Amino acid sequence: MELPENLNKDSNGYESAEKIILRWDSTASEDARERMIFETDRQEADLYLQAVDEIQRSLSNVSISTSSNAGKNANAVDDQSKVNTTIQIAMARLEDEFRNILITHSSALETDSLFDPSSSSISTPSHHELEEDDTLSNDDSSHHDLLQLQLQHCESSDSSTYRSTSSIREVDLMPSEAICDLQAIAMRMISSGYLRECIQVYGSVRKSAIDSSFRKLGIEKLSIGDVQRLEWEALESKIRRWIRAAKVCVRILFASEKKLCEQIFECVGTDIDDACFMETVKGPAIQLFNFAEAISISRRSPEKLFKILDLHDALMDLLPDIEAVFDSKSSDSIRVQAAEILSRLAEAARGILSEFESAVLREPSRVPVPGGTIHPLTRYVMNYISLISDYKQTLIELIMSKPSSGSRYSGDQTTPDMEFAELEGKTPLALHLIWIIVVLQFNLDGKSKHYRDASLAHLFIMNNVHYIVQKVKGSPELREMIGDDYLRKLTGKFRQAATSYQRATWVSVLYCLRDEGLHVSGSFSSGVSKSALRERFKTFNAMFEEVHRTQATWLIPDTQLREELRISISEKLIPAYRSFLGRFRSHIESGRHPENYIKYSVEDLETAVLDFFEGYPVSQHLRKRSHSMGKIGPSWDWDNNNNMTSNQVYQKHQRRFFF
């Protein structure tokens with residue numbers, strides 16, 4: 001700043017400077033208290049700064065004179081005392097001016113400086129984001145547009161992964177004229193030994209501005225203990241808000257504060273601008289990162305994994321920016337805190353995954369689910385690992401070791417076997433996901449033993465393993481990690497369960513339709529025992545009715561699987577019954593009350609099979625067709641409208657099971 005030369009050339013420079021200083025002494029003048037020097041015309045501000053320079057020179061000269069004439073010149077001592085008093089008055093005034101300029105220009109920033117509106121990389125916040133932002137404080141409305149646009153800028157870098165490039169955006173927090181005035185005042189305060197006062201004033205005013213921005217961003221003043229006492233549901237929304245706010249704070253607010261410190265104090269030395277920067281942002285930065293730290297050391301539970309991964313990814317993305325903004329030795333603590341939080345979040349994610357595996361293995365429910373349908377544990381676990389696959393890129397980096405599993409040689413009956421040699425080449429994350437499926441199946445096998453009916457136990461396993469297969473197929477990321485080899489193994493398991501169900505249910509029913517035991521002793525052509533035949537029909541009717549009554553209440557939720565199993569049942573039952581009826585019907589019809597023994601036509605059985613696995617009871621009496629008691633022939637395969645019966649539809653359907 002150019003200072004007027006007349007004061008320097010005045011032989012009575014000190015006296016003139018002293019008059020200017022005293023004229024603006026707010027402790028002695030009402031006018032000085034009501035007016036600010038730097039709010040008047042520029043000449044007055046320049047004269048005051050020149051007067052301060054003159055007083056400082058006088059102080060230096062008096063100090064030299066006093067030192068060289070120590071003990072000889074009492075007037076020199078008096079002069080020094082007088083100059084010291086004047087400089088104190090001047091510094092007090094400059095401190096007030098410094099504070100006033102800072103406060104005056106700590107209002108909302110120009111939003112146009114935040115980004116280039118024509119840039120295609122800037123996106124408008126989604127409706128969901130704006131709805132969440134509506135929950136923020138309504139205080140400090142002057143910051144609203146600024147911070148909304150800051151959020152837009154930071155959200156524009158979001159994607160399925162947080163691995164974005166650095167996007168620090170420094171903005172001008174004050175006009176250049178104000179920065180020049182602050183720089184001029186700071187130089188004179190610091191050269192006069194008022195560094196601490198200068199830093200304190202600067203820090204207190206700028207911290208207030210940052211606090212205002214924090215409130216607008218929804219960053220609350222919560223201690224680590226406060227955060228850990230909150231319910232997880234409340235924390236989830238705070239984590240989402242924190243991730244957006246942290247990007248704004250590091251990349252815009254803190255970076256711009258650092259730039260402002262450098263602009264004001266660049267002529268004084270880097271140590272001083274670092275000191276002012278840390279005085280301003282250290283408290284807010286600690287407040288910001290304490291939230292993430294509290295989450296990283298909180299009690300672990302499965303539902304926290306995905307938000308912890310969100311925090312980890314956001315902080316990993318921000319780490320280069322944190323290191324760039326907090327690059328001085330005095331800000332080591334901030335960099336160290338951020339790195340330690342990142343490490344703890346990674347460890348928390350690994351710990352939660354391990355604890356989840358144990359929880360799935362030990363899930364204790366013993367009450368069988370009605371109808372053998374999909375167990376809630378199966379749905380929960382498969383949805384959970386499907387979400388895990390969405391974080392594949394992050395977790396591949398975090399999960400470095402194989403799961404702690406059992407071995408077929410361990411003899412431990414409480415832990416399933418898993419041989420990693422069969423899964424060579426898979427990532428540790430993929431092995432963990434397969435292990436979770438293994439322990440889920442192990443748990444389900446245990447739960448199946450609580451069914452009293454073996455057929456229902458097999459149906460339960462079929463339903464649940466089929467659900468596992470469908471969830472794996474429905475997620476490309478999960479399928480890629482699990483691999484088609486293991487998927488085929490799972491498919492084989494649910495098909496084997498379907499085979500076991502059919503054997504447990506239908507072998508005894510179909511056994512009634514055999515020829516053995518129906519012929520009179522002697523040669524094969526000697527005749528059929530009508531009493532044995534009647535008993536055989538009665539046994540079949542009773543057994544089928546019981547199966548129908550029971551298994552109509554069982555449930556196969558998947559429509560295609562339900563239809564395929566019905567087809568498979570019909571492919572065995574209907575031809576066997578049709579053949580048996582064709583061979584022995586005449587023997588029953590020739591006797592009394594044939595309707596008591598041949599209770600059902602082939603079509604009745606076909607219709608009855610359609611009731612199976614719907615999950616609700618049906619009438620105790622099957623709906624029976626009227627019996628013509630005519631000859632068995634092609635007419636049995638057509639209805640009155642000449643349409644194919646359901647049996648022939650079954651025969652045309654592609655077989656899915658291989659029994």
Side-chain angles (χ1 to χ4, degrees), residues 368-375 441 444-445 447-470 488-516 536 539-581 600 602-615 617-618 622 646-659:
V369 291
T373 188
I374 299 164
H375 198 283
Q441 291 181 83
L444 292 171
D445 286 340
K447 294 183 188 307
S448 71
K449 294 177 173 60
H450 297 297
Y451 288 102
R452 295 180 180 179
D453 189 323
S455 298
L456 185 54
H458 295 309
L459 192 81
F460 171 75
I461 293 298
M462 182 197 71
N463 270 329
N464 283 268
V465 178
H466 178 266
Y467 181 82
I468 293 171
V469 169
Q470 294 305 107
R488 281 191 289 271
K489 187 175 181 180
L490 287 171
T491 302
K493 179 162 183 175
F494 88 73
R495 287 181 172 173
Q496 180 58 47
T499 301
S500 298
Y501 152 78
Q502 292 204 80
R503 288 173 179 165
T505 298
W506 296 103
V507 166
S508 59
V509 176
L510 294 174
Y511 192 69
C512 297
L513 303 179
R514 74 194 190 284
D515 288 358
E516 290 80 5
R536 188 70 63 81
T539 302
F540 172 83
N541 294 337
M543 292 185 71
F544 184 80
E545 287 168 5
E546 177 61 22
V547 171
H548 177 262
R549 181 187 65 80
T550 303
Q551 298 195 11
T553 64
W554 296 359
L555 179 61
I556 299 178
D558 185 85
T559 304
Q560 181 176 333
L561 180 63
R562 182 169 64 243
E563 186 66 15
E564 287 173 353
L565 189 55
R566 288 171 176 168
I567 291 170
S568 185
I569 291 168
S570 293
E571 286 175 343
K572 294 170 178 58
L573 174 65
I574 301 304
Y577 186 71
R578 177 185 285 115
S579 176
F580 188 80
L581 200 60
Y600 307 113
V602 172
E603 289 86 347
D604 290 333
L605 295 191
E606 289 174 339
T607 303
V609 169
L610 298 178
D611 293 331
F612 281 39
F613 317 125
E614 290 288 345
V618 294
L622 297 176
S646 56
N647 178 61
Q648 291 184 318
V649 174
Y650 286 143
Q651 298 293 342
K652 291 174 68 66
H653 196 286
Q654 182 180 5
R655 182 181 292 185
R656 298 296 182 99
F657 288 93
F658 304 95
F659 298 113

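In what follows, residues are counted from 1 in the order of the sequence shown. Model, not experiment: these values are computed from the prediction.
- Within the model, atoms CH2 of W554 and OG of S455 stand 5.0 Å from one another, a figure rounded to the nearest 0.5 Å.
- Although no hydrogens or angles enter the test, the distance criterion places no donor-acceptor pair under 3.5 Å between the side chain of S568 and the main chain of L565.
- Two residues are said to be in side-chain contact when any heavy atoms from C-beta on lie closer than 4.5 Å; Y511 and M543 fail this criterion.
- A distance of 11.0 Å separates CG of L444 from NZ of K449, quoted to the nearest 0.5 Å.
- Counting only distance, with no hydrogens or angles, the side chain of R536 and the backbone of D515 share no donor-acceptor pair below 3.5 Å.
- Of the inter-residue distances, the one linking T373 atom OG1 with I556 atom CD1 reads 9.0 Å to the nearest 0.5 angstrom.
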Discussion item. Apply side-chain contact (heavy atoms from CB on, under 4.5 Å) to residues M462 and L561 and explain how you reach the verdict.
Written reply: CA-CA 10 Å; M462 182 197 71; L561 180 63; 3.9 Å; yes

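- Separating the CD1 atom in I468 from the CG atom in L490 is a distance of 6.5 Å, to the nearest 0.5 Å.
- In this structure, NE2 in H466 is found 4.5 Å from CG in D558, a value given to the nearest 0.5 Å.
- Inter-residue side-chain proximity for Y467 and P557 is flagged as unmet; no heavy-atom pair is nearer than 4.5 Å.
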Practice prompt. Kindly determine whether N541 and Y600 satisfy side-chain contact (heavy atoms from CB on, under 4.5 Å), including the steps that lead there.
Written response: CA-CA 8 Å; N541 294 337; Y600 307 113; 3.7 Å; yes

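- The shortest side-chain heavy-atom distance between K447 and F460 falls under the 4.5 Å cut-off.
- Listed for the N463 side chain is no donor-acceptor partner under 3.5 Å among the backbone atoms of G371.
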Worksheet item: Can you check side-chain contact (heavy atoms from CB on, under 4.5 Å) on L459 and Q551, steps first, answer last?
Response: CA-CA 10 Å; L459 192 81; Q551 298 195 11; over 6 Å; no

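- Residue D611 holds its CG atom at 11.5 Å from OG1 of T553, rounded to the nearest 0.5 Å.
- No side-chain donor-acceptor contact under 3.5 Å links S579 to the backbone of P575.
- Formation of a donor-acceptor pair under 3.5 Å by the R578 side chain with backbone atoms of V602 is not found in this model.
- Relative ring orientation between Y501 and F613 is described as perpendicular, the plane-to-plane angle rising above 60° on a 0-90° scale split at 30° and 60°.
- Between F612 and H548, the ring-plane angle classifies as tilted under the 30° and 60° cut-offs.
- Salt bridge status for E614 with R566: present, with a side-chain N to carboxylate O gap under 4.0 Å.
- In this structure, the ring of Y577 has its center less than 6.0 angstrom from the ring center of F540.
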Worksheet item: Can you list the steps and then say if R503 with T499 is a side-chain contact (heavy atoms from CB on, under 4.5 Å)?
Response: CA-CA 6 Å; R503 288 173 179 165; T499 301; 3.6 Å; yes

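- Side chains of H458 and T505 form no contact here, defined as non-hydrogen atoms less than 4.5 Å apart.
- Two residues are said to be in side-chain contact when any heavy atoms from C-beta on lie closer than 4.5 Å; V369 and Y451 meet this criterion.
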